[in-house]
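Read the structure below first, then the notes.
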Amino acid sequence: MRNLEIATLFHEIADLLEIKDDNAFKIRAYRRAAMNLESLTEEIEAVAARGGLADIAGIGKDLAAKIRQALETGRMAYLDELRAEIPRGVVELMAIPGVGPKTAKLLFQQLQVDSVETLESLALQGKLLGLPGVKQKTVDNILKGIQVVKAGRERMPLGRALPLAHELVRILEQLPEVRQISLAGSLRRMRETVKDVDLLVTSAQPAKIMAVFTSLPQVSEVLLQGETKATIRHREGIQVDLRVVEPDCFGAALQYFTGSKTHNIRVREFAVRKGLKVSEYGVFQEATGTRIAGAGEEEVYNAIGLPYIPPELREDAGEVEAALEGRLPHLLTLSDLRGDLHAHTNWTDGHHTLEALIEAAQRKGYEYIIVSDHSRAATVAGGISEEKLLEQIGRIRALSKKYPKIRILAGSECDILADGSLDFPDRALAQLDIVVCAIHSRFKQDRAGMTARIVKALSNPYVHIFAHPTGRLIGERDPYDVDMEAVLAAARQYGKALEINAQPSRLDLNDHHARQAKELGVKLAISTDTHVLDQLDNMALGVAVARRAWLEKADVINTWPLDKLLTWAHKSRPKVA
DNA sequence: GCCGTTTTCGGCCCGACTGTTTTCAGTCG
């Protein structure tokens with residue numbers, strides 16, 4: 001059993017306890033434990049083996065025992081008892097917007113509703129009317145909510161949500177009534193997928209903002225509208241929440257509205273212990289009600305006695321503790337990057353010439369750019385033969401005279417074959433400056449086979465970077481079955497870098513694994529895997545993943561100057577005669 | 001159920017909006 005599986009069991013216990021109307025703080029304890037397990041970078045089995053379960057935040061004696069039981073028996077007796085009491089389908093009712101634990105319990109007890117389908121049929125027959133607190137409007141909302149569930153409320157990838165959100169910001173900031181505007185929520189924290197877009201505006205005239213916002217052409221439906229808060233459905237499907245506050249509350253509101261929810265709870269608990277109250281309106285002294293901060297976000301953190309915590313870290317994954325102990329990371333920024341270490345050209349499946357790639361990289365101010373086209377096994381991507389590769393290397397060397405201001409690195413995105421050998425022989429790899437390796441075939445290999453395949457590739461002295469290490473495509477393809485612990489250990493042993501692929505559909509490694517890599521001392525490369533020149537701009541998404549992974553400049557090899565990068569790249573190579 | 005340079009017991013974040021109510025419970029973030 002892995003961390004996420006145990007977390008899921010705890011979440012289910014919390015759901016069931018909510019329906020039973022159990023102690024709210026007990027429920028929160030289960031949820032917090034689940035979330036801490038989700039952000040834990042060490043394997044839970046390893047933690048249990050060294051007797052460290054109770055050291056995990058939010059896990060005490062009782063939950064540690066439940067984790068051990070699950071690890072040993074594959075079951076959790078307490079959860080089994082709860083499941084026997086309340087059918088699975090009742091929990092699923094809570095997925096309907098507007099239906100929470102109280103309503104689910106009411107429906108189950110009064111009408112024996114135990115599935116979304118049953119609920120829909122009873123609602124259509126008018127049989128919900130007459131339940132306490134249920135009139136036609138509630139029935140309508142439930143039916144509407146069921147449609148939302150059926151449509152599948154999938155989360156939108158960051159790379160799609162960001163441009164759409166920036167468009168709304170550009171429109172709203174034109175309004176003279178808008179003083180300040182910012183993205184908030186999970187989008188500001190740069191999570192890889194988002195459920196909705198959160199916008200925060202300060203204005204002395206909220207009514208005007210509300211009116212304009214809810215009647216934008218991008219709005220397909222107004223879901224909720226109050227005096228200072230509105231929720232709409234964007235024509236591209238995602239929900240957008242807008243909140244308007246007074247200008248002097250901007251910092252407090254931004255802090256509150258950025259979340260995460262668990263981070264905020266953490267911060268507010270900490271404030272309470274200091275006799276302070278934090279809300280979206282400011283930081284107040286509990287005793288006197290005096291407001292001591294609110295206009296700026298940094299000021300809000302400082303008033304509570306914390307340094308500013310960057311949005312990407314606000315997941316209650318140890319950042320508050322790190323802030324208190326003065327060991328927050330100095331997160332890397334986009335401008336720290338000196339080059340791109342994964343890019344294609346029209347020699348394989350890129351859409352541009354070598355020269356166009358070089359010139360685009362130069363315009364970005366890069367010190368170096370790699371040319372890493374596909375190897376012969378990647379037939380669908382037009383992979384090139386060894387002869388063609390040598391020809392390309394010659395071309396690159398010739399072009400470096402034409403472009404003296406940027407170093408053109410000869411590279412390859414070389415396939416890792418099913419047996420773990422590389423698609424080019426060592427004699428060819430030895431000609432390259434940087435070798436990127438990747439898996440593009442035989443995704444369905446079993447776990448042991450896939451792990452051995454990758455570990456073998458990483459042991460090759462000519463390999464430098466392992467690209468998109470899990471192979472997942474967000475929302476499309478699951479990662480291949482591989483023991484990431486073993487891959488990370490091999491990367492450390494052989495001194496290889498793992499890639500954070502910045503393609504919006506990949507973001508691979510993800511934030512979790514990248515943080516794990518850093519903790520093990522494995523270096524990362526943030527690369528765009530550019531096929532079309534515009535994609536060089538995706539670097540910002542890769543940086544977002546890196547920041548969420550607590551990465552600093554020193555952790556990322558393409559922040560290094562060229563000479564340091566090349567020294568690192570060539571130190572493991574056998575000396576050629 | 002967790003947790004403690006105030007506490008091993010008694011706390012545990014805070015407010016907006018909706019639908020149903022004449023003051024509030026439920027839901028959401």
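Lettering of chains follows the sequences in order, A, B, ..., and the numbering in each one begins at 1.
Regarding A/Asp140, its CG atom lies at a distance of 10 Å from the P atom of B/dG19, rounded to whole Å. Atom pair A/Arg189:CZ and B/dG29:P shows a separation of 13 Å (rounding to whole Å applied). In this structure, the CD atom of A/Glu18 is 15 Å from the C1' atom of B/dA25, given to the nearest Å. We find that CG of A/Asp62 is positioned 12 Å from P of B/dC3, with the value rounded to whole Å. Rounding to whole angstrom units, CD1 of residue A/Ile59 and P of B/dC3 are separated by 9 Å. Across the protein-nucleic acid pair, A/Leu242 atom CG and B/dA16 atom P stand 15 Å apart, rounded to whole Å. Protein atom CD1 of A/Ile142 is 12 Å distant from nucleotide atom P of B/dG19, rounded to whole Å. Straight-line distance from the CE atom of A/Met94 to the P atom of B/dT27: 9 Å, rounded to whole Å.
Ion pair A/Arg160/A/Glu236 flagged as a salt bridge, since at least one NZ, NE, NH1 or NH2 atom sits closer than 4.0 Å to an Asp/Glu carboxylate oxygen. A/Glu297 and A/Arg314 are joined by a salt bridge, as a carboxylate oxygen and a charged side-chain nitrogen come within less than 4.0 angstrom of each other. A salt bridge is defined here as a Lys NZ or Arg NE, NH1 or NH2 lying under 4.0 Å from an Asp or Glu carboxylate O, and A/Arg515 with A/Glu315 fails to meet this definition. With salt bridges taken as basic N to acidic carboxylate O contacts below 4.0 Å, one links A/Asp62 and A/Lys66.
For A/Thr231 (side chain) and A/Asp241 (main-chain N/O), no donor-acceptor pair under 3.5 Å exists by modelled atom type.
Nucleotides B/dT20 and B/dG26 have their C1' atoms positioned 10 Å apart, rounded to a whole Å. With P as the reference atom, B/dT21 and B/dG15 are 27 Å apart, rounded to whole Å. Spacing of P atoms, B/dC2 relative to B/dT6, comes out at 23 Å, to the nearest Å. With both ends at atom C1', the span from B/dA16 to B/dC12 equals 22 Å, rounded to whole Å. Comparing the C1' positions of B/dG29 and B/dC13 gives a spacing of 12 Å, expressed to the nearest Å. Of the C1' atoms belonging to B/dC3 and B/dT8, the separation is 9 Å, rounded to the nearest Å. Nucleotides B/dC17 and B/dG11, compared at atom P, are 31 Å apart to the nearest Å.
Looking at heavy-atom distances under 4.0 Å, A/Lys66 makes contact with sugar-phosphate atoms alone, never a base. In this structure, A/Thr228 reaches the sugar-phosphate backbone alone: every heavy-atom distance under 4.0 Å involves primed, P, OP1 or OP2 atoms, never a base.
In the set B/dT20, B/dT7, B/dG29, B/dT7 carries the atom at the smallest distance from any side-chain atom of A/Arg273. Distance from the side chain of A/Leu224 is smallest to B/dT18 among B/dT18, B/dG1, B/dG19. Checking B/dG1, B/dG29, B/dT27 against the side-chain heavy atoms of A/Leu63 singles out B/dG1 as nearest. When the nucleotides B/dG19, B/dC2, B/dT27 are ranked by their closest atom to the side chain of A/Pro101, B/dT27 comes out on top.
Between A/Thr138 and the phosphate of B/dT20, there is a side-chain N or O to OP1/OP2 separation shorter than 4.0 Å.
In this pair, A/Tyr301 and A/His263 present their aromatic rings tilted. The plane angle is within the 30 to 60° band.
Judged by the 6.0 Å and 45° rule, A/Arg188 forms no cation-pi pair with A/Tyr256.
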Report all interatomic pairs (protein N or O, nucleotide N or O of nucleotides 12-15 of chain B) with separations under 3.5 Å.
residue	atom	partner	partner atom	Å
B/dC12	O3'	A/Arg28	NH1	3.4
B/dC12	O3'	A/Glu269	OE2	3.3
B/dC13	OP1	A/Arg28	NH1	2.7
B/dC13	OP1	A/Arg28	NH2	2.3
B/dC13	OP2	A/Arg28	NH1	2.6
B/dC13	OP2	A/Glu269	OE2	2.5
B/dC13	O2	A/Arg268	NH1	2.7
B/dC14	O4'	A/Arg268	NH1	2.9
B/dG15	OP1	A/Lys277	NZ	3.1

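Between A/Tyr30 and A/Asp241, the one whose closest nucleotide on DNA chain B sits nearer the 5' end is A/Tyr30. Sequence order on DNA chain B of the closest nucleotides to A/Glu227 and A/Ala104 puts A/Glu227 first from the 5' end.
For the side chain to side chain contact (heavy atoms under 4.5 Å, CB included) with A/Leu551, the qualifying choice from A/Val543, A/Leu331, A/Val556 is A/Val556, the only one to do so.
Across all strands shown, nothing is found opposite B/dT8 as a Watson-Crick or G-U wobble partner with both distances under 3.5 Å.
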Side-chain polar contacts of residues 79-90 of chain A - donor-acceptor pairs under 3.5 angstrom, sequence neighbours left out - could you list them?
residue	atom	partner	partner atom	Å
A/Asp80	OD1	A/Arg75	NH2	2.9
A/Asp80	OD2	A/Arg75	NE	3.0
A/Arg83	NE	A/Glu12	OE2	2.8
A/Arg83	NH2	A/Glu12	OE1	2.8
A/Glu85	OE1	A/Lys20	NZ	3.3
A/Glu85	OE2	A/Lys20	NZ	2.7
A/Arg88	NH1	A/Glu12	OE2	3.0

